[in-house]
Amino acid sequence: MPDGPAPVQEPVLDVRSLKTVFKTRSGEVHAVNDVSFDVRPGELLGVVGESGSGKSVTMMSLIGLLPSPPADIRGGQVLFDGNDLLATDAETLRKVRGGRIGFVFQDPMTSLNPVFNVGFQIMEPLRRHMGMTKAQARLRACELLELVGIPDASRRLKDYPHQFSGGMRQRVMIAIALACDPKVLIADEPTTALDVTIQAQIIELVKDLREKLGMAIIWITHDLGVIAGIADRVMVMYAGQVVEQAPTRELFGNPQHPYTRALLETIPTVRGARPEKLNVIQGQPPILGAAPSACPFRDRCAFRFDRCDRENPVRIPAGPGHDAACFYDFNTGGPRGA
Amino acid sequence: MLDEPKQPLVRVDNLKMHFPIFGGLLRRRTGEVKAVDGISFDIFEGETLGLVGESGCGKSTVGRSVLRLYEVTDGSVTIDGRDIAHAPPEELRQMRTQMQMIFQDPQASLNPRMKVSEIIAEPLREHHAGTATERRQRVLELMDQVGLNRDFANRYPHEFSGGQRQRIGIARALALNPKFIVCDEPIAALDVSIQAQVVNLLEELQNELGLTYLFISHDLSMVRHIADRVAVMYLGRIVELAPRDALYDDPLHPYTKALLSAVPEPDPAIEEKVERIILTGDVPSPSNPPQGCNFCTRCPAVMDICKRDEPEFREVQPGRFVACHHFNDII
Ligand SMILES: Nc1ncnc2c1ncn2[C@@H]1O[C@H](COP(=O)(O)OP(=O)(O)OP(=O)(O)O)[C@@H](O)[C@H]1O
Ligand SMILES: Nc1ncnc2c1ncn2[C@@H]1O[C@H](COP(=O)(O)OP(=O)(O)OP(=O)(O)O)[C@@H](O)[C@H]1O
Ligand code: SF4
Ligand SMILES: [Mg+2]
Ligand SMILES: [Mg+2]
């Protein structure tokens with residue numbers, strides 16, 4: 001757990017009111033609704049939330065990786081290095097992507113190209129963004145594979161993705177994302193296929209780079225244990241919205257959104273008592289055919305009251321650096337502001 | 001757990017799966033990846049055996065070899081008394097209905113152009129089970145069984161969430177009434193609440209239908225939930241096999257100890273107090289395993305003998321098996 005807040009710095013990436021809609025045959029899907037967040041140099045922002053809550057679509061939107069159609073970015077700003085990435089031209093965006101912003105995709109098998117060996121795929125950004133010669137790039141590629149814990153690195157550069165295990169492919173993706181010393185690393189479920197010892201090694205590596213290079217990191221994961229161990233701050237998403245945001249310890253110790261509370265109750269552990277049946281959050285998330293006009297969690301919420309059916313709550317301060325989008329106030333046990 | 005000692009449904013004996021490495025200009029065979037290198041275990045009827053271990057240690061290869069999706073290098077696999085590793089094609093085809101696999105990535109294993117009902121019916125068609133009407137009826141039954149709304153039968157996979165897609169995969173795996181299912185990381189891509197739903201569903205189905213599972217996962221907290229016994233793999237070998245509670249309460253092998261200590265704790269207050277064994281040393285390659293014990297390059301308790309002799313996989317307490325020289329004195 002990192003100590004206290006870092007000295008206040010300007011955000012390196014500042015996302016404001018992002019809206020992304022998919023147009024499909026069966027109508028619109030409002031996948032991202034008014035999402036705002038920022039991340040500062042050297043900070044690690046953890047992102048958690050239900051499957052389908054818009055975590056990946058948010059990140060893909062901000063670096064222009066969603067094909068349009070079907071995706072349509074309806075609004076927002078993404079400020080990075082003095083540019084609005086949503087307003088910039090494709091060429092600038094291509095330079096930022098894989099260079100100053102590194103990206104680890106959720107599914108390594110679809111994002112590694114099956115017809116090129118992994119050596120080529122790691123060396124390509126080094127040559128393109130860093131202007132390295134082939135020999136320099138090969139040396140660096142080897143070093144990167146070793147850093148992410150792949151044994152026999154120089155031989156394995158010649159291997160193709162299908163010859164690697166699931167977790168090894170994921171580590172190759174991490175090596176590619178780190179290749180050009182990015183200012184911001186966006187890691188979407190970067191360690192889901194990894195066992196805990198390798199995961200611990202990757203986390204140490206990332207922490208180290210954060211300190212050495214002041215790299216800002218956005219880490220999306222379902223693993224709240226990982227979040228507890230590495231994140232400075234956590235953002236919780238539900239139904240295309242940010243429903244809560246807080247410093248890590250505050251989020252675990254004093255959650256203010258009913259979804260966050262329910263989520264924290266579902267986690268199994270290896271320590272302590274073993275429950276007979278695992279907890280689940282009953283019910284289904286809403287289908288996002290339109291931007292929600294009431295609280296999207298209300299059908300599954302134990303604290304729901306009449307206002308929740310009429311209005312969609314915006315994020316309201318709930319403590320230092322802490323906000324939550326909920327009309328219920330856990331401190332008073334009644335409606336907020338009542 | 002089980003009331004009476006039952007027969008093993010699955011017996012794996014000295015299983016080896018080596019992949020060739022080709023190198024040089026002529027792409028000649030220059031070596032091999034010993035992905036699975038001589039492992040043995042039983043799975044009893046109605047039991048769940050958890051299989052855990054480091055990324056790349058050979059878990060998926062074990063799962064695929066047990067179902068004979070690979071031609072294994074050596075060893076035998078017996079399922080329900082029949083040797084699957086050497087069964088002739090027609091017998092193998094019949095045996096296939098008894099065994100199924102659920103994959104890690106439901107998206108990649110579901111054909112995007114097929115409707116959900118067609119996907120679930122696919123194994124029924126392949127094995128010419130029943131008439132079209134009977135098959136349709138069976139699909140609806142299966143959808144009920146895994147908690148998918150019947151009204152969704154004509155939808156396509158991309159219209160479902162990750163957890164629902166995993167249910168489609170499970171319904172398809174159940175279509176032919178298998179006895180044995182290999183689950184290869186069935187929950188890795190799902191959020192915790194949906195993981196819990198899938199694990200609860202697998203447990204309910206096991207109780208109802210008497211299924212036997214090999215449950216492959218690197219998520220030690222979920223394995224603790226679903227498994228009756230757990231096997232820990234390292235670099236192509238099983239290093240420890242024990243009943244669940246014994247393994248989690250009192251791990252014996254130095255690798256199991258390190259593995260359990262490394263599990264992140266979802267409570268920052270406890271997280272700070274957990275004592276971690278951080279492994280150092282080179283991660284060996286399965287194409288060139290170290291001499292002696294496979295774990296000797298990273299083991300915190302390594303001794304001289306470990307770098308020389310391979311430890312034997314032996315029963316050190318009733319029902320508990322370990323491969324480590326620290327247990328040589330136990331008879
Ligand atoms: N190409 C598409 N067409 C239509 N809907 C889409 C498309 N891509 C994503 N969506 C929808 O957008 C929503 C957000 O998806 P996203 O992948 O961002 O979820 P996520 O939070 O990353 O979930 P997970 O934890 O499962 O990865 C989902 O409801 C999904 O079905
Ligand atoms: N088709 C193949 N050709 C060559 N080597 C392979 C092949 N499939 C797997 N391997 C190698 O065999 C070893 C074991 O791979 P396997 O996929 O069984 O690991 P795993 O334990 O399932 O790992 P993970 O947890 O990352 O999925 C790895 O070193 C991998 O590179
Ligand atoms: S045999 Fe030796 S090296 Fe292997 S696990 Fe035991 S102590 Fe460690
Ligand atoms: Mg995602
Ligand atoms: Mg695997």
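Nothing here was measured: the structure is a model prediction, and the numbers come from that model. Chain letters run A, B, ... following the sequence lines, proteins first, then strands; residues in each count from 1.
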Counting only non-hydrogen atoms closer than 4.5 Å, can you tell me which residues of residues 237-245 of chain A sit against chain B? none

I203(A) versus chain B, the contacting section by heavy-atom distance below 4.5 Å: neither

R261(A) atom CZ, neighbour heavy-atom count above 12 within 6.0 Å: yes

Applying ring pair (Phe, Tyr, Trp, His ring centres under 6.0 Å), can you list everything that pairs with Y160(A), at least two apart in sequence or on another chain? none

Point-to-point distance, once rounded to the nearest 0.5 Å, from CD1 of I21(B) to CD of Q163(A): 9.0 Å

Under 4.5 Å to a heavy atom of chain A? For S261(B) that would be backbone

Can you say whether Q199(A) sits under 4.5 Å from chain B via the side chain, the backbone, both, or neither, judging by heavy atoms? side chain

Heavy-atom distance under 4.5 Å between the side chains of Q170(A) and S55(B), does that happen here? no

Checked I277(B), V263(B), N288(B), V223(B) vs chain A; the most non-hydrogen pairs under 4.5 Å come from V263(B)

R155(A) meets the salt bridge (charged side-chain N to carboxylate O under 4.0 Å, His left out) criterion, sequence neighbours left out, with D152(A), D159(A)

Taking all non-hydrogen atoms of both residues into account, name the closest pair between D223(A) and P264(B) and its distance. OD2-CG, 4.5 Å

Taking salt bridge (charged side-chain N to carboxylate O under 4.0 Å, His left out) as the test, write out the residues that go with R300(A), two or more places apart. E50(A)

Between L264(A), I150(A), T266(A), who has the most heavy-atom pairs with chain B when the cutoff is under 4.5 Å? T266(A)

Between R156(A) and chain B, which part of the residue has a heavy atom less than 4.5 Å away: side chain, backbone, both or neither? neither

Considering only heavy atoms, which portion of S60(B) lies under 4.5 Å from any heavy atom of chain A: side chain, backbone, both, or neither? neither

